[in-house]
Amino acid sequence: MNKTLNIAVLPGDGIGTEITAQAVRVLRRLSEQGHFSLTLQEAPVGGAGYRASGHPLPESTLKLAKDANAILFGAVGDFSLDTLPRELRPEQAILGLRKELQLFANLRPAMIYPELAGASTLKPEVVSGLDIMIIRELTGDIYFGKPRGVRVLENGEREGFDTMVYRESEIVRIGHVAFQAAQKRNRRVCSVDKANVLETTQLWRDVMTELGKQYPDVELSHMYVDNAAMQLLKNPKQFDVMVTGNMFGDILSDEASMLTGSIGMLPSASLDANNKGLYEPIHGSAPDIAGKNLANPLATMLSAAMMLRYSFGLAQAADAIEAAVRKTLAAGYATGDIYREGCKRVGTVEMGDAVLAALG
Ligand code: NAD
């Protein structure tokens with residue numbers, strides 16, 4: 001019997017509704033083709049959540065997200081709400097979901113499709129064939145450590161302080177995610193730290209080294225974060241899986257995604273300990289192009305592919321989406337963000353049509 005996938009769809013703001021609609025079409029088509037059965041339930045989040053019920057993460061939306069097996073998320077952000085108190089701004093919804101659902105592992109692939117190698121700011125020979133998976137710990141580190149604050153010293157000068165902290169168990173659980181992801185790829189993990197300066201990351205290195213012994217089939221290396229930032233630009237293809245803490249991962253994953261030069265192409269997953277996940281494109285709500293049928297829906301479709309692979313173990317269905325995206329790009333379809341000379345310029349919906357046609 002077919003697996004039933006119970007998915008919460010949270011389109012959010014701006015282009016969020018347009019791009020999730022196309023990803024939902026893809027999921028429905030795979031369902032019609034017999035890969036799985038689908039239960040989709042949609043709810044407002046971000047600015048849409050605030051407008052519907054006065055909070056960016058309404059109770060009913062949170063409940064839906066908790067009850068679902070996985071979440072397909074569009075994007076949040078609405079400049080007209082930026083004057084609200086911080087806790088009511090649209091972006092708080094994503095932080096709230098990460099915290100409430102304990103989504104501690106952020107997976108961000110950075111890969112280049114052959115047709116788009118010219119879109120990178122780096123030379124095509126440096127990036128063509130690039131396929132890296134950055135795994136960032138998402139719920140710990142200096143972003144959450146206490147104490148933190150700004151205090152006034154005896155001489156009247158202000159001093160800001162934060163606490164970098166990681167428990168061994170937090171390092172172990174993200175480590176397992178990285179080693180297991182590498183087992184499905186090219187079996188190499190590079191753990192990124194600053195063990196030469198920071199005690200917390202010396203512990204990080206020690207724990208990763210101990211954990212690595214449980215995965216003799218995966219080659220583990222270590223790199224200091226400053227060198228990692230440099231190596232990503234110099235020779236990014238040396239990496240398979242990179243794993244690192246919250247702050248270093250924040251910076252390195254953005255750097256890596258920009259190697260590909262195409263913000264509309266990159267998916268992401270944020271997973272809990274049971275592989276329940278929230279799947280979203282890495283870009284925001286793009287208010288400048290919202291409602292104009294200009295947004296590239298491919299990152300959201302590829303996020304849906306990650307969902308099928310990581311939360312539902314449906315590798316074949318995930319492969320089908322990724323193959324359809326490759327075929328669509330190879331056929332020359334392009335939204336404005338990835339347009340090159342000689343391409344067929346299409347809008348959001350037409351890109352959806354092309355991927356559906358490629359899915360068969
Ligand atoms: P953005 O990612 O929304 O847009 C940056 C640029 O990329 C814009 O020119 C936009 O038109 C373009 N772009 C983004 N996605 C695209 C797509 N799919 N197809 C074609 N072009 C695309 O970043 P921003 O403009 O800095 O932020 C806009 C809003 O999004 C802000 O409110 C911000 O806080 C929010 N944001 C949300 C998330 C999220 O929901 N996870 C992430 C980043 C930013």
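Remember, predicted model here, so these are calculated numbers, not experimental data. Values below: every heavy atom of this structure, side chains too, minus hydrogens, waters and symmetry copies. When a residue number appears, it is its place in the shown sequence, counting from 1.
Listed for the Gln33 side chain is a donor-acceptor partner under 3.5 Å among the backbone atoms of Gly360. Under a 3.5 Å cut-off, the side chain of Asp193 and the backbone N or O of Tyr224 do not form any donor-acceptor pair.
In summary, the side chains of Tyr166 and Thr201 do not present any donor paired with an acceptor at a separation below 3.5 Å, with no hydrogens or angles considered. Between the side chains of Glu350 and Asn293, at least one donor N or O lies within less than 3.5 Å of an accepting N or O. Side-chain contact, Gln231 with Asn235: no donor N or O sits under 3.5 Å from an acceptor N or O. Asn296 and Asp337 share a donor-acceptor pair across their side chains, judged by distance under 3.5 Å alone. Defined by atom type and a distance below 3.5 Å, a donor-acceptor pair is missing between the side-chain atoms of Gln22 and Thr20. For the 3.5 Å distance criterion, the side chains of Asn106 and Ser270 qualify, holding a donor opposite an acceptor. Side-chain contact, His222 with Thr209: a donor N or O sits under 3.5 Å from an acceptor N or O.
Linking ILVMFWY residues whenever their side-chain heavy atoms come closer than 4.5 Å, directly or via other members, places Leu62 and Val76 in the same cluster. If you chain together hydrophobic residues whose side chains sit under 4.5 Å apart, Val26 and Tyr310 fall into the same group.
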Exercise. Could you go through the salt bridge (charged side-chain N to carboxylate O under 4.0 Å, His left out) check for Arg187 and Glu219 one step at a time?
Key: CA-CA 6 Å; Arg187 298 181 181 270; Glu219 182 193 313; over 6 Å; no
Exercise. Tell me, with the steps shown, if Lys146 and Asp162 meet salt bridge (charged side-chain N to carboxylate O under 4.0 Å, His left out).
Key: CA-CA 7 Å; Lys146 294 209 171 92; Asp162 295 275; over 6 Å; no
Self-check item: side-chain hydrogen bond (donor to acceptor under 3.5 Å, both in side chains) between Glu137 and Thr139, worked out
Solution: CA-CA 6 Å; Glu137 201 290 329; Thr139 53; 3.2 Å; yes
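Closest non-hydrogen pair, Asn69 versus Thr4, comes out as OD1-O, 4.0 Å. Contact record, Leu38 with Phe36: CG-CE1, 3.7 Å, taken as the closest heavy-atom pair. Shown here for Ala299 and Pro281, the closest heavy-atom pair between the two residues is CB-CB, 3.6 Å. Nearest heavy-atom pair, Ala195 versus Arg205, reported as atom, atom and distance to 0.1 Å: CB-NE, 3.7 Å. Nearest heavy-atom pair, Leu259 versus Ser120, reported as atom, atom and distance to 0.1 Å: O-OG, 2.5 Å.
We find that Glu322 and Arg309 are joined by a salt bridge, their nearest charged nitrogen and carboxylate oxygen being less than 4.0 Å apart. With respect to the salt-bridge test (charged N to carboxylate O, under 4.0 angstrom), the residues Arg89 and Asp78 do not qualify. Note on Asp353 versus Arg25: salt bridge recorded, some NZ/NE/NH1/NH2 to OD/OE distance being below 4.0 Å.
With a 6.0 Å cutoff to the six-membered ring centre and a 45° limit on the axis angle, Arg173 counts as a cation-pi contact of Phe104. Geometrically, Lys344 engages Tyr333 in a cation-pi contact, judged by NZ or CZ lying under 6.0 Å from the ring centre and within 45° of the ring axis. A cation-pi arrangement is present between Arg151 and Phe161 under the rule of less than 6.0 angstrom and at most 45 degrees off the ring axis.
Applying the salt bridge (charged side-chain N to carboxylate O under 4.0 Å, His left out) test to pairs two or more places apart or on separate chains, those with a residue in residues 231-244 are Arg185-Asp240.
Counting heavy atoms from C-beta on, the side chains of Pro267 and Met301 never come closer than 4.5 Å.
In this structure, Glu42 has no salt bridge (charged side-chain N to carboxylate O under 4.0 Å, His left out) partners at least two apart in sequence or on a different chain.
Residue Arg136 forms a side chain to side chain donor-acceptor pair (under 3.5 Å) with just one option from Asp141, Asn246, Thr244, and that option is Asn246.
Val152 belongs to no hydrophobic cluster with other residues, because no ILVMFWY side-chain heavy atom falls under 4.5 Å from its own, directly or through intermediates.
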